[in-house]
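Everything below concerns the one structure shown next.
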Amino acid sequence: MPKNPAASSKPPHQDKSHLASVTLSPRGLARVKSGHPWVYRSDIDRPDVARSNASAASDVPAISEIAPGATVRVLDPRGKFLGTALYSSSSQIAIRMIAREEITNLPALISQRIRDSIAYRQQFVSATNAYRVVFSEADFLPGLIIDRYSDILSVQILTQAMDAEPVRGAVIETLVEEFQPAGIVERVDARIRELEQLPARQSGLLWGKKSSTIITMNRSSDEGDKLGSGVHRSRSGVRMEPTSQAVGGNVEQNQAPNGRKNDVTVGVRLHYDGLEGQKTGSFLDQRENYAAAAKYVRGDALDVFCYQGGFALHMAPRCSAVIGVDSSRPALEMAAKNAALNEWVLGGKDIEWIEANAFDLLRDYAASGRRYDAIVLDPPAFAKTKRDLPKALSGYKELNLRALKMLKPGGILVTCSCSYHVSPTEFLEVVAAAARDVHRSLRLLESRAQALDHPILLNVPETGYLKCLIFYASN
Ligand code: SAH
């Protein structure tokens with residue numbers, strides 16, 4: 001964890017602060033030493049008997065007495081100060097480490113961490129006005145997710161500590177200062193709030209008036225244009241204003257920027273509505289993979305589990321025909337609207353959107369002898385928990401097998417898994433097994449992960465979840 005200006009200047013062990021303390025068991029200590037921020041309730045030392053133990057320090061209360069979402073001092077089994085964590089009274093993850101120092105001003109720390117996250121994106125993210133600004137643990141802000149969609153920011157709060165009013169205030173204030181957005185929306189996951197025992201809340205605007213916009217991703221016409229180099233600068237130099245090419249704001253018309261037709265360098269535009277029931281505005285984690293896939297494809301392409309058309313729209317300019325398949329009608333309706341938004345890039349090409357169960361459709365298409373030059377598979381996470389793993393692996397195998405049967409010699413397979421519980425090696429093995437079964441030889445063109453704005457933090461394996469493999473099928 002980075003050093004914190006918000007840390008107390010007093011040596012922590014001398015600081016008799018008002019913060020409650022939590023003592024770790026040896027296993028909890030090993031966990032923290034390994035660099036992982038989570039400590040499970042079972043790894044907290046005698047959580048409910050500390051008070052009754054006469055020798056227990058008065059600043060080590062029974063854990064049940066600690067306020068939900070409190071900032072706590074973390075002590076090793078011998079009482080030595082280890083750092084500061086955020087406490088949850090309901091989650092099995094009882095504490096999430098947030099600093100090695102004692103933190104007396106959590107909102108100030110959160111503000112600083114958000115600014116650090118923005119600086120990281122300015123260095124590594126380009127050619128898009130939609131990206132993840134804060135990715136929870138990977139940005140040392142456990143329980144907080146912030147996405148930027150052009151001039152709109154979307155905030156998700158996943159823990160008691162991040163839900164506290166002073167923290168919410170600091171988040172909004174920092175975002176307004178750094179981005180001067182047209183709107184900040186909060187996206188609420190009712191199930192998570194229930195699990196964290198937080199009062200029910202509706203998704204809605206937290207700031208400003210605007211909740212929908214148009215984003216542009218994978219522009220290559222201004223590749224060198226890092227995020228900070230706009231004319232309209234906010235404090236961080238991040239450009240929020242729509243530019244002539246990176247269309248955002250209220251510009252909804254479908255005209256070609258600068259009148260250019262069939263010009264892929266202008267990027268792909270997508271609708272974003274922050275208050276729609278369903279998550280809209282594409283999967284930002286796949287953004288770089290859309291561009292990577294587009295480099296290799298041609299001919300007839302099939303985008304299976306297409307959602308709102310991310311892969312299909314990026315591939316279409318290079319293909320003769322594209323079919324997008326998904327079981328969700330609202331997703332396909334949005335995909336069609338997105339296609340209309342990119343008319344000039346598609347050069348008059350139509351994408352066919354088909355509502356179907358992907359497994360059935362692949363079986364039927366294979367049986368009727370359909371063949372494709374490129375197939376994308378991007379299913380939902382099949383393994384939501386570790387227990388689902390065997391079933392998930394057979395699901396991935398089945399899907400890849402069916403796709404490989406339909407891939408022409410020389411065809412391209414883009415196959416993805418967003419299940420954290422399926423490791424990159426396991427996923428590669430599943431595809432290898434499918435290829436063996438159908439006697440296809442695959443050459444690995446690229447082994448990819450999530451986009452750089454979703455950092456993968458070493459020692460926190462949960463931050464890396466997306467796998468995207470691109471293969472050339474030689475026979
Ligand atoms: N490729 C998309 C993301 C896909 S998310 C993108 O880049 O934006 C997974 C999608 O699978 C969702 O849109 C969901 O509606 C769809 N889905 C889930 N089960 C399905 C099934 N059995 N058949 C077809 N689509 C399915």
Side-chain angles (χ1 to χ4, degrees), residues 128 130-132 147 149 154 214-218 267-273 276-294 297 301-316 319 322-339 341-342 351-366 374-384 388 391-392 394-403 406 412-420 422 427 448-451 453-454 465-470:
T128 181
Y131 52 93
R132 182 148 288 186
D147 292 323
Y149 293 94
S154 146
I214 291 168
I215 62 170
T216 306
M217 58 170 66
N218 293 315
V268 168
R269 299 203 296 170
L270 299 161
H271 288 279
Y272 171 73
D273 188 338
E276 279 269 303
Q278 215 191 5
K279 169 181 165 177
T280 67
S282 89
F283 280 83
L284 298 177
D285 53 5
Q286 287 281 28
R287 189 186 63 250
E288 294 168 359
N289 298 332
Y290 298 152
V297 297
L302 192 58
D303 177 5
V304 188
F305 305 96
C306 66
Y307 188 53
Q308 298 175 353
F311 278 104
L313 291 164
H314 281 79
M315 297 193 298
C319 291
V322 179
I323 296 177
V325 181
D326 203 282
S327 58
S328 157
R329 182 180 287 259
L332 293 173
E333 283 167 0
M334 188 55 88
K337 276 176 74 182
N338 284 335
L341 206 54
N342 292 281
I351 304 177
E352 196 182 340
W353 306 106
I354 299 181
E355 184 185 341
N357 178 310
F359 286 90
D360 298 344
L361 177 127
L362 288 176
R363 192 194 49 224
D364 295 349
Y365 276 21
I375 299 178
V376 176
L377 301 173
D378 184 18
F382 287 160
K384 294 239 158 59
D388 301 334
K391 232 177 112 202
S394 70
Y396 286 120
K397 180 169 174 196
E398 175 78 23
L399 208 52
N400 282 279
L401 200 127
R402 290 184 187 193
M406 280 199 288
I412 298 292
L413 174 69
V414 180
T415 182
C416 309
S417 162
C418 56
S419 302
Y420 158 68
V422 175
F427 189 52
R448 306 182 55 88
Q450 61 229 40
D453 48 322
H454 293 62
Y465 60 94
L466 184 61
K467 290 136 309 261
C468 172
L469 304 173
I470 308 181

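Atoms considered below: every heavy atom in the structure, side chains included; atoms not considered: hydrogens, waters and symmetry mates. Every number for a ligand or one of its atoms is a count from 1 in the order of the listing.
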- request: Starting from the C-alpha separation in whole Å, work towards a yes-or-no answer on salt bridge (Lys or Arg N to Asp or Glu O under 4.0 Å) for E333 and K337.
  value: CA-CA 6 Å; E333 283 167 0; K337 276 176 74 182; over 6 Å; no
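Residues Y272 and L270 fail the side-chain proximity criterion, which asks for heavy atoms closer than 4.5 Å. Residues M217 and H314 meet the side-chain proximity criterion, which asks for heavy atoms closer than 4.5 Å. A heavy-atom distance below 4.5 Å is found between the side chains of D303 and V376. Put simply, the side chain of L377 reaches to within 4.5 Å of the side chain of L362, judged on heavy atoms. A 4.5 Å side-chain heavy-atom check between L399 and F382 finds at least one atom pair inside the cut-off.
Any N or O atom pair closer than 3.5 Å counts here, and F305 shares at least one such pair with ligand 1. Between Q286 and ligand 1, no pair of N/O atoms sits closer than 3.5 Å. Checked against a 3.5 angstrom limit, the closest N/O atoms of Q308 and ligand 1 fall outside it.
For ligand 1 and A358, the ligand atoms under 4.0 Å from any heavy atom of the residue are 21 (C), 23 (N), 24 (C). In summary, the atoms of ligand 1 found under 4.0 Å from a heavy atom of C306, numbered by their order in the structure, are 2 (C). Distances below 4.0 Å separate heavy atoms of F283 from the following atoms of ligand 1: 3 (C), 5 (S), 6 (C), 8 (O). Within ligand 1, counting atoms from 1 as listed, the ones closer than 4.0 Å to a heavy atom of S328 are 15 (O). Heavy-atom proximity to Y290, at under 4.0 Å, picks out these atoms of ligand 1: 6 (C), 7 (O), 8 (O). Within ligand 1, the atoms closer than 4.0 Å to a non-hydrogen atom of N357 are 22 (N), 23 (N), numbered from 1 in the order shown. Of all the atoms in ligand 1, the ones that sit under 4.0 Å from a non-hydrogen atom of A356 are 23 (N), 24 (C).
Checked against R132 for a side chain to side chain donor-acceptor pair (under 3.5 Å), the options D453, D285, D147 give a single hit: D147.
Contacts between A331 and ligand 1, counted as non-hydrogen atom pairs separated by less than 4.0 Å, are absent for every part of the residue.
Every residue meeting the side chain to side chain contact (heavy atoms under 4.5 Å, CB included) condition with A356, not counting sequence neighbours, appears here in chain and number order: V325, I354, L361. Listed by chain and number, the residues in a ring-ring contact (aromatic ring centres under 6.0 Å, His included) with Y465 amount to none (sequence neighbours excluded).
When N289, D326, V325 are ranked by how near their heavy atoms come to atom 13 (O) of ligand 1, first place goes to D326.
Within the 4.0 Å heavy-atom shell around ligand 1 one does not find C418.
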